[in-house]
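What follows is a short report on a single structure.
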2 protein chains.
Amino acid sequence: MSIHSSLAAATTKLPIPVLSTYSVGHFEKLRLISLSTALPLAERDTLEPLSRRVSLDRKENLFRQDEPAGSVYNVSSGALRLYRILPDGRRQVTGFAFPGDFLGLSLLDRFNVSADALGPVTACRFDRRAFMELVRSQPNLMMHLHEITGHELSRAKDMMVLLGRRTADEKIAAFLMGLRARYAQIGWSAVTLELPMNRLDIADHLGLTIETVSRTLSRLDREGCILIVPGGVRLVDHARLDRLSAH
Amino acid sequence: MSIHSSLAAATTKLPIPVLSTYSVGHFEKLRLISLSTALPLAERDTLEPLSRRVSLDRKENLFRQDEPAGSVYNVSSGALRLYRILPDGRRQVTGFAFPGDFLGLSLLDRFNVSADALGPVTACRFDRRAFMELVRSQPNLMMHLHEITGHELSRAKDMMVLLGRRTADEKIAAFLMGLRARYAQIGWSAVTLELPMNRLDIADHLGLTIETVSRTLSRLDREGCILIVPGGVRLVDHARLDRLSAH
DNA sequence: CGGAGGATTGATGCTGTTCAAGCGTAGTGG
DNA sequence: CCACTACGCTTGAACAGCATCAATCCTCCG
């Protein structure tokens with residue numbers, strides 16, 4: 001079973017279907033580009049024999065915060081939300097995982113977030129110990145993983161700025177633009193930006209309430225900045241979105 | 001095989017000096033335990049020959065966001081603020097660095113924050129390329145650095161929860177308790193919790209305004225929860241602070 | 001057709017911001 | 001030695017942005 005990076009290119013050329021549902025449509029088509037988006041070919045091949053495939057349905061949990069981290073995962077298809085919950089139920093969605101993303105890569109004893117599927121998900125599971133041993137023996141691979149973690153840390157700091165110092169409008173704009181950029185990275189650009197997560201997930205990600213997210217999106221739509229469509233949005237006024245999300 | 005255990009235990013037995021000023025007093029006394037707080041002895045010795053000492057005065061800058069990262073630093077004494085600034089001047093202090101902390105450890109091309117000294121600071125500077133080569137050749141060292149970065153990432157997620165989902169009271173309480181915990185880690189426990197950063201730094205760290213920080217601290221003082229003293233605070237009502245900062 | 005889950009919209013209110021004034025202490029120079 | 005300034009911090013009053021509470025709508029699906 002070989003993994004073709006050409007698939008990424010192929011998917012960008014797919015006709016853009018008009019969606020009539022809230023589906024997570026395209027994510028399913030992104031199967032198998034997983035490792036190649038993050039790692040060079042040679043390293044991907046060393047990892048592959050170690051992996052076992054897992055599948056999840058919508059709302060199923062992959063792992064929980066503070067649970068002993070026995071595995072490392074690489075998302076193959078679908079999307080997940082990563083979050084923490086406070087004792088009283090308040091939730092912070094720390095991020096979303098998409099095809100190609102690694103989960104549990106910091107190799108700590110315990111997961112530092114919970115993860116569950118936003119729709120059908122498949123992922124590669126690696127035994128943590130075996131993964132660590134392999135990685136330890138391959139300096140280049142290790143450096144790559146460290147680099148990935150470094151980028152994740154940098155994005156975490158982006159989120160801090162967003163959460164601490166930006167208005168609701170800016171948060172929404174930055175979220176949409178950021179999502180678009182990530183989709184582009186995994187080789188999936190489309191006119192319609194699909195939102196596999198619901199309003200509450202977005203709210204808990206941006207430190208807002210569901211009502212504020214809804215109102216802000218509605219207003220941006222009314223003002224011609226975006227266009228709300230079933231299952232996602234279209235970004236219309238790029239100049240304004242750029243200005244709002246600028247950092 | 002914990003990184004922290006042995007030395008942490010030793011340093012916590014240091015006598016606790018009593019301070020009477022705004023000074024960054026204690027930080028200066030923590031010289032030279034720098035590397036050892038984060039790394040085992042053997043690895044510290046391999047690193048030390050590579051380092052060159054740098055000193056900064058209060059308000060001096062160590063490096064800036066987006067600047068090419070030519071060096072990795074390890075703080076020896078003093079404290080720094082790490083921050084990002086938005087085009088319009090809004091600032092998010094992503095964290096503070098204390099003795100033992102590494103800066104630039106993610107080894108990316110560019111620094112992802114700016115850093116400047118809150119008071120007199122000394123640090124060890126390593127050439128990034130040399131550091132990377134050394135690290136690449138020593139899997140154990142590499143794993144340790146990766147683990148440190150993993151912990152930093154976990155703390156970044158704590159900050160997201162704090163910024164996105166907590167009230168001003170909780171932010172302040174969590175900040176104070178967190179600072180206390182970090183001081184304990186570097187072997188410095190005292191009755192008075194020194195605050196080397198000013199109110200504006202705290203505000204920009206917690207996503208609040210300076211007025212709200214001041215008001216909240218005043219109220220917690222008035223209510224007997226803490227005691228504001230020159231240069232810091234004393235934590236009085238631990239039960240309440242625990243409750244407020246619980247996660 | 002009817003129910004469930006998600007999203008939208010409106011009315012009201014609170015938390016934290018903004019604007020503004022005043023205080024305390026450290027540092028400086030006459 | 002004291003006046004004067006600078007800086008950081010505190011406090012007050014009015015305001016705004018976002019939250020809260022509540023009702024309604026829409027779409028999917030059994």
Side-chain angles (χ1 to χ4, degrees), chain A residues 18-25 58-59 81 88-93 118-119 162-173 175 194-223 226-233 244, chain B residues 20-24 57-59 81 88-93 118-119 162-173 175 194-223 226-233 244:
Chain A
V18 178
L19 289 184
S20 57
T21 70
Y22 261 87
S23 82
V24 285
R58 179 176 136 86
K59 291 197 175 179
R81 67 170 157 251
D88 64 0
R90 282 174 291 178
R91 186 180 72 156
Q92 176 66 39
V93 171
L118 294 173
L162 196 75
L163 291 168
R165 283 288 172 246
R166 313 198 78 160
T167 64
D169 283 21
E170 293 173 332
K171 285 176 176 182
I172 294 287
F175 170 69
E194 289 199 27
L195 299 176
M197 68 294 287
N198 63 25
R199 298 290 189 264
L200 186 56
D201 292 327
I202 299 176
D204 284 347
H205 183 50
L206 301 179
L208 300 170
T209 59
I210 185 173
E211 293 94 335
T212 300
V213 170
S214 184
R215 265 189 260 273
T216 304
L217 286 172
S218 297
R219 187 166 38 72
L220 290 177
D221 179 313
R222 216 176 309 128
E223 295 169 358
I226 63 174
L227 183 66
I228 299 177
V229 299
V233 300
L244 279 173
Chain B
S20 59
T21 69
Y22 249 91
S23 78
V24 284
D57 287 334
R58 178 175 138 86
K59 293 198 174 176
R81 68 172 156 247
D88 63 0
R90 283 175 289 178
R91 186 180 70 156
Q92 176 68 38
V93 171
L118 294 172
L162 196 75
L163 291 168
R165 282 289 172 245
R166 312 197 80 162
T167 64
D169 283 23
E170 293 173 332
K171 285 177 176 182
I172 294 287
F175 170 69
E194 287 198 29
L195 299 177
M197 68 293 288
N198 63 26
R199 298 289 189 266
L200 185 57
D201 291 329
I202 299 177
D204 285 346
H205 183 48
L206 301 178
L208 299 170
T209 59
I210 185 174
E211 293 94 335
T212 301
V213 170
S214 184
R215 267 188 259 272
T216 304
L217 285 171
S218 297
R219 187 165 38 70
L220 290 176
D221 178 314
R222 217 176 309 127
E223 295 169 357
I226 63 174
L227 184 67
I228 299 178
V229 300
V233 299
L244 280 173

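Note that these values count all heavy atoms, side chains included, but never hydrogens, waters or copies made by symmetry. Just so we're clear, the structure is a prediction, and the values are computed from it rather than from any experiment. So that the names make sense, note that chain A is the first sequence line, chain B the second, and so on, each numbered from 1.
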In whole angstrom, give the distance that lies between atom [atom1] of [X] and atom [atom2] of [N].
X: A:Asp204; N: C:dA7; atom1: CG; atom2: P; answer: 12 Å
X: B:Asp169; N: C:dT15; atom1: CG; atom2: C1'; answer: 10 Å
X: B:Arg222; N: D:dT11; atom1: CZ; atom2: C1'; answer: 9 Å
X: A:Leu217; N: D:dC18; atom1: CG; atom2: P; answer: 14 Å
X: B:Arg219; N: D:dT10; atom1: CZ; atom2: P; answer: 13 Å
X: A:Arg166; N: C:dT17; atom1: CZ; atom2: P; answer: 17 Å
X: B:Arg199; N: C:dG24; atom1: CZ; atom2: C1'; answer: 13 Å
X: A:Leu118; N: C:dG5; atom1: CG; atom2: P; answer: 18 Å

**Partners passing side chain to side chain contact (heavy atoms under 4.5 Å, CB included) against A:Val233 (at least two apart in sequence or in another chain)** = A:Leu176, A:Leu193, A:Leu195, A:Ile226, A:Ile228, A:Leu235
**Prompt:** With sequence neighbours excluded, what pairs up with B:Arg199 under the salt bridge (charged side-chain N to carboxylate O under 4.0 Å, His left out) test?
**Reply:** none
**Message:** Once salt bridge (charged side-chain N to carboxylate O under 4.0 Å, His left out) is applied, do any residues pair with B:Asp88, and if so which ones, sequence neighbours excluded?
**Reply:** B:Arg90
**Message:** So, using side-chain hydrogen bond (donor to acceptor under 3.5 Å, both in side chains) as the criterion, who are the partners of B:Thr212 when residues are at least two apart?
**Reply:** B:Thr209
**Request:** Only counting residues at least two apart or in another chain, list the ones meeting side-chain hydrogen bond (donor to acceptor under 3.5 Å, both in side chains) with B:Asp169.
**Result:** B:Arg219
**Message:** Taking the side chain as everything from C-beta on, heavy atoms only, tell me whether A:Leu163 gets closer than 4.5 Å to A:Gln92.
**Reply:** yes
**Prompt:** A:Lys59 side chain N/O closer than 4.0 Å to the phosphate oxygens (OP1, OP2) of C:dG6?
**Reply:** yes
**Request:** Would you indicate which nucleotide in D:dG8, C:dG6, D:dT10 comes nearest to any side-chain atom of B:Ser218?
**Result:** D:dT10
**Asked** So what does A:Arg58 hit on the nucleic acid, given a heavy-atom distance under 4.0 Å: a base, only sugar-phosphate, or nothing?
**Response** sugar-phosphate
**Request:** For DNA chain C, find the residues of residues 208-216 of chain B with a heavy-atom distance under 4.0 Å and give them by number; none if there aren't any.
**Result:** B:Leu208, B:Thr209, B:Glu211, B:Thr212, B:Arg215
**Message:** Could you check whether any side-chain N or O of B:Arg165 sits under 3.5 Å from a backbone N or O of A:Leu208, counting only pairs where one atom can act as donor and the other as acceptor?
**Reply:** yes
